[in-house]
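Following: one structure in structure tokens, then a few remarks.
Residue numbers start at 1 and run along the sequence shown. Read the numbers this way: they start at 1 and go in the same order the structure lists the ligands and their atoms.
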Amino acid sequence: MSYVDEVLERVKRQNPSQPEFLQAVQEVLESLRSVVEKNEERYRRDALLERLTTPERVIVFSVPWVDDNGQVQLNRGYRVQFNGAIGPYKGGLRFHPSVNLSVIKFLGFEQIFKNSLTGLPMGGAKGGSDFDPKGRSDREIMAFCQSFMTELCRHIGPDTDVPAGDIGVGGREIGYLFGQYKKIRAAFQGVLTGKGVAYGGSLARTEATGYGLLYLTQEMLRCNGHDLSGKTVAVSGAGNVALYAIQKAWQLGAKPVTCSDSSGWVYDPEGIDVALLREVKEVRRQRLTEYVKARPGAQYHSGKGVWSIKCDVALPCATQNELGIEDAKLLVENGCIAVAEGANMPTTLEATKYLQEQGVLFCPGKAANAGGVATSGLEMSQNSQRRSWSFEKVDGKLQEIMVGIFHNLDAAAREYGVEGDYVAGANIAGFLKVADAMLAQGVV
Ligand code: NDP
Ligand code: 2IT
């Protein structure tokens, strides 16, 4: 049995009830076959793949807090410090009822390769809780964040582990988390990214994931003889990533016509009104039905279906496994030429394979959405310098990083004989740097 198959078997045996984690490991290891074959003896002797697929540390803790009725609530908190070979652990926190160990491990595993691709010194980690922020008052959110940080603060620090936001964790939550860390540790440190600009946050971090997604998509299209300008774009999600992806799509001359949330989706033939979407989702924190009330030309559909709209480019920006094989078939039938993942692992393995076979340009999340964590890396640099850079400077570096990531994964795919397979290219390019660092540092 090949080394890759042996390790895949082992990971399956050891994590039988973690489907999302197994899916992420399978995708990565399958595409590393040619690299691993070339170095099999060395990697095997160093148990490199076993170590790479096993988190260095898993922290699980209880998060008790008091709701507005005086009732004590209990949630579960997680931080998975997956791999610290190339820098301090780095990765977001997700607050969503679907969070469990499998989800956090898949996200932490993906983060290793994503962070490596940015070219910045950051290891892979992820955390979060099964806490559901929907319908909770500001005070309840604060109480939860404070309790969560009371435990988490023992495990993080500006040179050890630097969390940030993800689903359900935005500027408000980062503020409460930062305040509690500062109080308990009596230290004002760059221990979280995505902070408000008034207390050490970076300009352009809020926009970075969505903007970066479009910078990379534009470059991928350009290098394949297409122009983003004039294209119709379907976007899913209506949160941080989706909102700024839609905004940048407009700025680059494309027309974004859809968005979605967990209740339904919107088709706006005139193109999504960014200011209105932002007001409804970011400011008023309402459902998308409110968007359609203010925009009579737009249609609201409950449930799933955002990928049934005819588009040239599809940008899934909501959550994992939101684009399955039937969706992929619809996209191809409707003439879609490119899919770039704003979310983490939004496309199932089967759908990814189908899209690639049909010649659709496909860029995986660990490359396409790396602009968020890359700008977090820039926030860490600014915090270390105790300086703040202008929006233009940060945005300029973000553009450079995203264009650079595309060229790196394109080159890696060519070098290993899988030209145009950007999934393999991203995994190979991300892996090589981490593998070199692990081998150089010995058995630790
Ligand atoms: P937000 O919480 O801001 O928005 C999430 C959006 O996705 C909301 O519209 C939400 O709908 C929808 N959504 C979430 N879960 C589900 C679900 N189970 N089914 C259907 N819809 C769902 O999160 P972000 O925009 O920050 O994150 C979106 C994706 O991007 C995630 O995969 C995240 O890991 C990834 N990502 C985020 C980065 C960042 O910097 N924030 C960086 C890189 C990747 P509703 O409001 O109804 O819940
Ligand atoms: O998935 C991701 O890359 C994020 N949620 C952002 C992580 C970060 O540390 O900025």
Side-chain angles (χ1 to χ4, degrees), residues 20 87-99 103-104 106-115 117-118 120 122-128 132-135 156 161-174 191-195 201-202 204-213 235-246 259-266 277-278 280-282 285-289 291 302-304 306 315-323 341-347 364-380:
E20 293 87 359
Y89 301 112
K90 183 85 195 86
L93 298 172
R94 177 177 291 191
F95 293 169
H96 193 271
S98 64
V99 162
V103 168
I104 298 298
F106 115 66
L107 290 163
F109 183 69
E110 290 283 289
Q111 201 80 40
I112 303 170
F113 308 97
K114 183 194 306 194
N115 292 1
L117 284 170
T118 66
L120 302 173
M122 301 180 289
K126 199 81 186 191
D132 186 358
K134 274 203 194 75
I156 62 175
D161 184 355
V162 183
D166 194 80
I167 290 177
V169 178
R172 175 181 58 170
E173 291 74 20
I174 294 290
V191 70
L192 292 155
T193 59
K195 300 184 292 298
S202 175
R205 173 62 188 91
T206 306
E207 295 85 353
T209 311
Y211 278 21
L213 172 66
V235 176
S236 66
N240 172 268
V241 180
L243 185 61
Y244 293 99
I246 289 169
C259 61
S260 68
D261 63 17
S262 50
S263 313
W265 56 284
V266 167
L277 182 63
R278 191 174 176 177
V280 170
K281 295 304 292 189
E282 218 179 49
R285 299 181 191 272
Q286 290 171 331
R287 311 308 298 163
L288 281 175
T289 39
Y291 174 94
S302 51
K304 294 187 174 209
V306 71
L315 304 175
C317 297
T319 192
Q320 63 271 10
N321 293 326
E322 55 160 315
L323 198 166
E341 297 184 322
N344 286 306
M345 208 169 75
T347 316
K366 59 173 74 71
N369 71 38
V373 74
T375 308
S376 281
L378 301 177
E379 182 170 329
M380 289 168 73

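Atom 41 (N) of ligand 1 has its closest protein heavy atom at N240 OD1, 3.6 Å. Of all protein heavy atoms, the one lying nearest to atom 9 (O) of ligand 1 is A238 N, 2.9 Å. Protein heavy atom nearest atom 18 (N) of ligand 1, with residue, atom name and distance: T319 CG2, 3.7 Å. Protein heavy atom in closest approach to atom 25 (O) of ligand 1: V241 N, 2.9 Å. Scanning all protein heavy atoms for the shortest distance to atom 45 (P) of ligand 1 gives S262 OG, 3.4 Å. Atom 2 (C) of ligand 2 has its closest protein heavy atom at K114 NZ, 3.3 Å. For atom 48 (O) of ligand 1, the nearest non-hydrogen atom of the protein is K134 NZ, 2.8 Å. In this structure, the protein non-hydrogen atom closest to atom 6 (C) of ligand 2 is R205 NH2, 3.6 Å. At the shortest separation from atom 14 (C) of ligand 1 among protein heavy atoms lies I167 CD1, 4.0 Å. Nearest protein heavy-atom contact of atom 15 (N) of ligand 1 is H96 NE2, 3.5 Å.
At a heavy-atom distance under 4.0 Å, no atom of S98 approaches ligand 1. For S260, every heavy-atom contact with ligand 1 shorter than 4.0 Å involves the backbone, none the side chain.
The shortest N or O to N or O distance between N369 and ligand 2 is not below 3.5 Å. Ligand 2 has an N or O atom lying under 3.5 Å from an N or O atom of G165, backbone or side chain. Of the N or O atoms in G168, one or more lie within a sub-3.5 Å distance of an N or O in ligand 1. Annotation: D261 places no N or O atom under 3.5 Å from an N or O atom of ligand 1; distance criterion only.
Which parts of ligand 1 touch A343 is read off a 4.0 Å heavy-atom cut-off, strictly below it: atoms 29 (C), 30 (O), 32 (O), 35 (C). If you number the atoms of ligand 1 from 1 as listed, the ones under 4.0 Å from a heavy atom of R205 come out as 40 (O). Residue-ligand proximity, G92 to ligand 2, at heavy-atom distances under 4.0 Å covers atoms 7 (C). The ligand atoms of ligand 2 that sit less than 4.0 angstrom from a heavy atom of K126 are 1 (O), 2 (C), 4 (C), 5 (N).
Salt bridge annotation for E282-R278: present, with a cationic side-chain nitrogen under 4.0 angstrom from a carboxylate oxygen.
When G239, A318, G237 are checked for heavy-atom proximity to atom 28 (C) of ligand 1, A318 turns out nearest.
Remark: distances from the non-hydrogen atoms of E110 to ligand 2 are all 4.0 Å or more.
Checking atom 38 (C) of ligand 1 against the protein gives a heavy-atom contact under 4.0 Å.
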